[in-house]
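Worksheet: the structure to be examined is printed underneath.
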Amino acid sequence: MTPIEANKAGAIASPIIIAIVGDVHDQWNDADAHALQALNVDLALFVGDFGNEAIDIVRQIAAVSVPKAVILGNHDAWYTASRQNRKKSPYDHTKEDRVQQQLDALGGSHVGFGKLEVPQCNLTVVGARPFSWGGANWRYKRFYRERYNISSFADSTAKICASVDAARQDTLIFLGHNGPAGFGSQAHNICGRDWKRSGGDYGDPDFADAIAHAQQSNRHVALVTFGHMHHELRHDKTRLRERLVVDDYGTVYINGAQVPRVIETNSGWHRSFTLVTLQHGIVQTVRLVWVNNTDTIVSEEYLYGSTSKTTPPLDVVMNLG
């Protein structure tokens with residue numbers, strides 16, 4: 001059933017609220033889990049980079065009671081995937097496999113090279129390539145060969161497409177750590193390289209090809225979300241990175257990497273989440289919200305679906321109850 005058919009049939013009566021949790025980078029504790037639960041979302045999507053193989057934080061994420069899908073990022077295999085970083089590892093790899101420990105902790109909620117069926121939302125979440133660093137060069141050759149038996153972008157694309165073809169729902173959400181290629185080569189573009197002034201498209205080509213396969217297979221791709229590329233640019237402090245784009249199919253792409261995602265203010269700690277509202281399989285609104293220690297939204301910025309793009313003053317609050 002297409003989103004339009006579902007609309008006519010009334011198959012999805014209520015809006016679905018999805019929380020995107022950007023790159024955590026060691027910023028997660030019980031207060032974050034409580035704030036997420038207070039937002040009363042139907043689904044949470046974690047884009048990875050919890051820390052440098054930060055098993056304790058990943059275990060906390062695994063314990064989150066909200067329905068969730070997770071993908072691990074390049075920092076989550078920091079001392080394993082990279083030969084250079086492996087030399088600096090704080091533990092003995094012959095005795096311990098912290099990448100596998102993270103995967104074991106997350107279990108079925110980790111969708112990298114897999115999928116998660118969410119029938120209560122009439123959605124399937126499809127995972128892109130986990131542990132991605134980004135860019136057009138095939139990195140971590142030994143890591144991907146040993147862990148996933150793949151040796152190229154083509155192998156990776158095929159693995160993601162297999163999940164697309166096996167999805168039980170017609171409406172798909174793609175979850176990646178790094179985003180897809182094809183959205184510009186300037187540093188401020190949604191997947192642009194900002195650590196070199198020359199810029200460059202640093203999106204994943206296999207991710208882009210898998211999304212194209214889904215769209216051309218008449219799957220409805222409602223949302224593609226990822227992180228990795230932080231919103232603050234390294235060499236240009238006059239602007240932020242593009243956070244959202246929409247393609248010709250109407251698919252909404254969101255970079256959720258608000259970093260740092262937890263900040264200290266005069267009124268205490270504030271935590272950021274990107275909230276997406278879907279109805280009949282169509283993205284209606286996207287908001288970046290900040291939540292305080294009393295689980296109150298103290299600031300919100302509409303990124304999509306509203307004529308108002310400004311952030312309200314901090315004394316405008318919405319109590320979550």
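- Put simply, the side chain of Val99 reaches to within 4.5 Å of the side chain of Thr80, judged on heavy atoms.
- Every residue meeting the side-chain contact (heavy atoms from CB on, under 4.5 Å) condition with Ala54, not counting sequence neighbours, appears here in chain and number order: Asp26, Ile57.
- Looking at Asp97, its side chain does come within 3.5 Å of a backbone N or O of Gln100 through a donor-acceptor pair.
- Between the side chain of Ser132 and the backbone N or O of Gly134, at least one donor-acceptor pair lies under 3.5 Å.
- A donor-acceptor contact closer than 3.5 angstrom links the side chains of Tyr91 and Glu53.
- A donor-acceptor pair under 3.5 Å links the side-chain atoms of Asp247 to the main chain of Tyr249, judged by distance alone.
- The environment of Arg139 atom CZ is dense: over 12 non-hydrogen atoms of other residues, nucleotides or ligands sit within 6.0 angstrom.
- For Gln101, the CD atom sits in a packed shell: over 12 heavy atoms of surrounding residues, nucleotides or ligands are nearer than 6.0 Å.
- Looking at Thr225 and Leu175, their side chains come closer than 4.5 Å, going by heavy atoms from C-beta outward.
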- Query: Hey, mind stepping through Thr274 and Arg287 against side-chain contact (heavy atoms from CB on, under 4.5 Å) and telling me if it holds?
  - Reply: CA-CA 6 Å; Thr274 303; Arg287 295 178 293 149; over 6 Å; no
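- Atom CD1 of Ile17 and atom CG of Asp42 lie 6.5 Å apart (nearest 0.5 Å).
- Within a 6.0 Å sphere centred on NZ of Lys237, heavy atoms belonging to other residues, nucleotides or ligands number more than 12.
- With sequence neighbours left out, Tyr79 forms a ring-ring contact (aromatic ring centres under 6.0 Å, His included) with no residue at all.
- With Phe273 as the aromatic partner, Arg261 meets the cation-pi criteria of under 6.0 angstrom to the ring centre and within 45 degrees of the ring axis.
- With contacts defined as side-chain heavy-atom distances shorter than 4.5 Å, the pair Ile18/Ile173 qualifies.
- Remark: Glu242 CD is packed, more than 12 non-hydrogen atoms of other residues, nucleotides or ligands lying under 6.0 Å away.
- Looking at Arg129 and Asp206, a side-chain N of the basic residue comes within less than 4.0 Å of a carboxylate O on the acidic one, giving a salt bridge.
- Looking at Asp295, its side chain never comes within 3.5 Å of a backbone N or O of Ala38 through a donor-acceptor pair.
- Remark: the backbone N or O of Val164 is paired with a side-chain donor or acceptor of Arg219 at under 3.5 angstrom.
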- Let me see the working for Arg145 and Ile150 under side-chain contact (heavy atoms from CB on, under 4.5 Å), right down to the final yes or no. CA-CA 5 Å; Arg145 185 174 63 252; Ile150 63 172; over 6 Å; no
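- In this structure, a donor-acceptor pair under 3.5 Å is present between the side chains of Asp165 and His213.
- Partner of Val252 under the side-chain contact (heavy atoms from CB on, under 4.5 Å) criterion, out of Ile282, Val224, Leu244: Leu244 alone.
- Using modelled atom types, one finds a donor on one side chain and an acceptor on the other under 3.5 Å when comparing His228 with Asn74.
- At distances below 3.5 Å, at least one donor-acceptor pair connects side-chain atoms of Thr124 with backbone N or O atoms of Gln169.
- Residues His220 and Asp170 fail the side-chain proximity criterion, which asks for heavy atoms closer than 4.5 Å.
- Of the candidates Cys191, Ser156, Pro180, Pro180 is the only one forming a side-chain contact (heavy atoms from CB on, under 4.5 Å) with Phe207.
- The ring of Trp138 has its center closer than 6.0 angstrom to the ring center of Phe153.
- Just one of Asp23, Ile190, Ile71 meets the side-chain contact (heavy atoms from CB on, under 4.5 Å) condition when paired with Phe226; it is Ile190.
- Rounding to the nearest 0.5 Å gives a distance of 9.5 Å between NZ of Lys141 and OG of Ser151.
- No donor-acceptor pair closer than 3.5 Å links the side chain of Asp236 to the backbone N or O of Leu233.
- Between the NZ atom of Lys68 and the OG atom of Ser109 there is a distance of 5.0 Å, given to the nearest 0.5 Å.
- Judged as a ring-ring contact (aromatic ring centres under 6.0 Å, His included), and not counting sequence neighbours, the contacts of Trp78 are His75.
- For His93, the NE2 atom sits in a packed shell: over 12 heavy atoms of surrounding residues, nucleotides or ligands are nearer than 6.0 Å.
- Side-chain N or O atoms of Asn255 include one that pairs as donor or acceptor with a backbone N or O of Met229 at under 3.5 Å.
- A salt bridge does not link Glu232 with Arg239: every distance from a Lys NZ or Arg NE/NH1/NH2 to an Asp or Glu carboxylate oxygen is 4.0 Å or more.
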- Determine, stepwise, if the pair Val21 / Trp28 fulfils side-chain contact (heavy atoms from CB on, under 4.5 Å). CA-CA 10 Å; Val21 182; Trp28 188 270; 3.9 Å; yes
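- Judged by distance alone, with hydrogens and angles left aside, the side-chain atoms of His110 form a donor-acceptor pair with the main-chain N or O of Leu72 at under 3.5 Å.
- Residues Phe50 and Val70 have side chains in contact (heavy-atom distance under 4.5 Å, counting atoms from C-beta outward).
- Counted by atom type alone, Asp49 and His177 present one or more donor-acceptor pairs between their side chains at under 3.5 Å.
- Within the 3.5 Å criterion, the main-chain N or O of Thr94 finds a donor-acceptor partner in the side chain of Asp92.
- For the pair Arg241/Asp194, a side-chain contact is recorded, criterion being any heavy-atom separation below 4.5 Å from C-beta on.
- Arg271 places none of its side-chain heavy atoms less than 4.5 Å from the side chain of Leu36.
- For Phe143 and Phe131, the distance between ring centers is under 6.0 angstrom.
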